[in-house]
Amino acid sequence: MTLITNSVNMINIPKTNKKRVIIVGCGFAGLTLGRKLKNSGFQIIIIDKHNYHQFPPLFYQVASAGLEASSILFPLRKIFQNYRDYHIRKAEVKSVDSVNNKLMTTAGEVEYDFLVLAHGATNSYFGSVEMQQYSRAMKTIAEVLDLRNTLLMNFENALIAKDVSERDMLLNIVIIGGGPSGVEIAGALAEMNKYVIPKDYPELKTIRAKIYLIEAADRVLNMMSQKSSEKAKEFLEKSGVHVFINTKATGCNSNTVFFDSGMNISTGMIIWTAGIKGNLIEGLKSDSYARNGRLIVDRYSRIKGYENIFALGDISIMTEGITSNGHPQVAQVAIQQAKLLSRNLKRITLNKPLEQFSYKDLGTMATVGKNLAVVELPFVHFHGIFGWFVWMFIHLMSIVGVKNKLVIFINWAWKYFTYDQSTRLILRPKGYS
Ligand SMILES: Cc1cc2nc3c(=O)[nH]c(=O)nc-3n(C[C@H](O)[C@H](O)[C@H](O)COP(=O)(O)OP(=O)(O)OC[C@H]3O[C@@H](n4cnc5c(N)ncnc54)[C@H](O)[C@@H]3O)c2cc1C
């Protein structure tokens with residue numbers, strides 16, 4: 001075993017005679033691949049800019065003060081504690097030098113035999129600088145905590161507002177994007193508005209927040225069936241959410257959102273869930289990219305134009321044999337692609353033929369609030385309380401870590417019986433008051 005010390009800028013990881021696989025990003029895809037390559041005979045390096053794995057499907061519950069952030073995060077070092085020849089580096093990958101099989105990161109350079117890019121996606125604002133500046137998003141836990149703090153601060157500031165128009169502006173919440181994230185945060189905020197706000201802020205009891213959900217298409221949840229979309233809209237409206245379909249946000253400033261219908265809403269909280277694009281790592285050929293910054297891969301997850309560089313999950317787009325839009329950017333695609341790649345990497349070293357990817361759609365679901373969810377499994381669609389229990393069970397089982405499962409279960413049970421939420425603390429880093 002020799003140490004790589006040939007350059008001061010090199011990440012110091014023992015070089016062995018094993019082939020080295022570098023996994024960039026430890027989300028659903030990276031985590032699954034890392035786990036599946038245990039005892040595979042490769043040296044594994046995992047590089048992530050965070051030292052934890054996060055569970056985005058429950059971000060909206062943290063944003064709406066229903067769960068503590070720590071219950072949906074899991075430390076990477078704990079996950080891989082007992083894995084031999086696994087090396088984790090908390091660093092941000094900046095670029096790939098595919099000629100020299102090298103990766104440039106904020107912690108230095110590192111060489112690879114096989115490189116797997118699984119660094120996910122971020123928000124796309126379709127070029128609107130104002131929307132990027134003034135809206136809150138839910139793509140990372142940092143954004144989610146910022147959203148939660150702003151939401152709670154707006155309630156506090158509404159109590160000390162100078163006049164009624166300022167108070168109402170602070171109590172208006174505009175959610176842009178009626179996909180699962182938009183629908184779920186709208187439902188959670190409606191519940192908070194109904195059960196928590198009147199108790200915490202008795203002065204606002206008769207006023208309450210107004211929640212608007214805006215969707216440009218002709219229905220919310222447009223990746224689901226017409227019936228599920230209608231049910232979700234009905235559930236939301238019953239919970240007090242104002243749903244606008246066929247309505248496009250055309251711009252905003254610090255306290256107003258403008259729409260193509262001519263409507264304006266004055267608001268202290270814009271939540272953006274409408275657009276997504278790939279996280280950028282430099283160095284790959286421009287024709288390896290499709291629109292939205294996704295990397296084009298073949299059915300073995302190999303990036304177009306490269307033999308030993310792969311992409312998985314949200315950052316990739318696989319169109320061969322399916323529609324030109326590729327697979328949906330959801331957890332199951334990332335997990336299934338990672339499982340197959342773990343087998344194919346072993347096959348490559350054994351000179352065996354590779355297996356092609358086929359996506360097995362396990363279904364889609366979204367929850368709209370207590371006892372309300374729409375669920376579409378491959379052979380059956382249902383909604384309401386049964387759907388809600390199925391949604392809870394599946395999400396609970398998918399969370400990493402027994403302690404996290406237990407904490408979330410207790411939180412949900414507490415909330416079910418008390419109509420109360422556990423976390424309404426405004427905690428901000430140094431520099432904020
Ligand atoms: C709010 C929200 C709700 C969602 N709800 C659902 C749902 O209910 N069901 C569902 O199936 N899907 C849901 N999704 C989508 C799902 O989360 C994604 O499809 C899935 O996370 C994709 O997995 P991934 O491994 O490709 O990327 P990610 O899970 O995004 O992981 C990417 C990782 O890469 C790291 N990273 C990024 N850039 C760099 C860099 N330059 N250097 C180093 N590390 C980097 C990040 O820190 C992260 O750990 C939701 C997404 C969001 C945002």
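Counting starts at 1 for both ligands and their atoms, in listed order.
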Trainee: With respect to R136, which candidate in D146, N149, T273 satisfies the side chain to side chain donor-acceptor pair (under 3.5 Å) definition?
Mentor: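 Answer after filtering D146, N149, T273: D146.
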
Trainee: Where does A366 meet ligand 1, judged by heavy-atom distances below 4.0 Å: at the side chain, the backbone, both, or neither?
Mentor: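 Contact part for A366 vs ligand 1: neither.
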
Trainee: With only distance considered, is A331 within less than 3.5 Å of ligand 1 through an N or O on each side?
Mentor: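 Yes; at least one N/O pair falls below 3.5 Å.
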
Trainee: Any non-hydrogen protein atom below 4.0 Å of atom 14 (N) of ligand 1?
Mentor: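 Given the 4.0 Å limit, the answer for atom 14 (N) of ligand 1 is no, no protein heavy atom qualifies.
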
Trainee: Looking at E230 and K233, does any basic side-chain N land under 4.0 Å from a carboxylate oxygen?
Mentor: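 The answer is no: the pair does not qualify as a salt bridge.
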
Trainee: Considering the heavy atoms of C26, write down every atom of ligand 1 situated less than 4.0 Å from one of them.
Mentor: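 Here the atoms of ligand 1 in question are 33 (C), 49 (O).
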
Trainee: Can you name the nearest heavy-atom pair linking D314 to Q329, along with the distance?
Mentor: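 Between these two residues, the closest heavy atoms are O-NE2, 3.0 Å.
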
Trainee: Assess the side chains of E376 and S225: does a donor N or O sit below 3.5 Å from an acceptor N or O?
Mentor: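 Result is yes, a qualifying pair exists.
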
Trainee: So for ligand 1, is Q329 a polar contact partner (N or O within less than 3.5 Å, distance only)?
Mentor: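 Between Q329 and ligand 1 (N or O atoms, distance only) the closest approach is under 3.5 Å.
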
Trainee: So, is D314 polar-close to ligand 1, with some N/O to N/O distance under 3.5 Å?
Mentor: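 D314 vs ligand 1: N/O contact under 3.5 Å present.
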
Trainee: Does any N or O atom in K139 lie less than 3.5 angstrom from one in ligand 1, N or O only?
Mentor: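 The answer is no, given that K139 and ligand 1 share no N or O pair closer than 3.5 Å.
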
Trainee: Would you say F28 has any N or O atom under 3.5 Å from an N or O of ligand 1, going by distance alone?
Mentor: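 N/O-N/O distance under 3.5 Å: yes.
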
Trainee: Looking only at distances, can you tell me whether any N or O atom of P56, backbone or side chain, sits closer than 3.5 Å to an N or O atom of ligand 1?
Mentor: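 In this structure, P56 places no N or O atom under 3.5 Å from an N or O of ligand 1.
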
Trainee: Within the structure, does E184 bring an N/O atom to less than 3.5 angstrom of an N/O atom in ligand 1?
Mentor: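 By distance alone, the answer is no.
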
Trainee: Tell me whether E111 is salt-bridged to K102, with the criterion being a basic N under 4.0 Å from an acidic carboxylate O.
Mentor: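 The answer is no: the pair does not qualify as a salt bridge.
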
Trainee: Mind checking whether K49 has an N or O less than 3.5 Å away from an N or O of ligand 1?
Mentor: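 It does: an N or O of K49 is found under 3.5 Å from an N or O of ligand 1.
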
Trainee: Is the contact between P180 and ligand 1 made by the side chain, the backbone, both, or neither, using heavy atoms and a 4.0 Å cut-off?
Mentor: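 No part of P180 comes within reach of ligand 1.
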
Trainee: Any idea which atoms of ligand 1 are less than 4.0 Å away from a heavy-atom of G313?
Mentor: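 So the atoms of ligand 1 that pass are 26 (O).
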
Trainee: Which atoms of ligand 1 sit under 4.0 Å from any heavy atom of E92?
Mentor: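 Listed by number with element: 40 (C), 41 (N), 42 (N).
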
Trainee: Flag the pair Y83 / F80 as yes when their ring centroid distance falls below 6.0 Å, and as no otherwise.
Mentor: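 So the answer is yes for these two rings.
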
Trainee: Please find out if less than 6.0 Å separates the ring center of Y359 from that of H327.
Mentor: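 Judged by ring-centre distance (under 6.0 Å), Y359 and H327 do meet the cut-off.
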
Trainee: Side chain, backbone, both or neither: which part of V93 has a heavy atom under 4.0 Å from ligand 1?
Mentor: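 The answer is both, backbone and side chain.
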
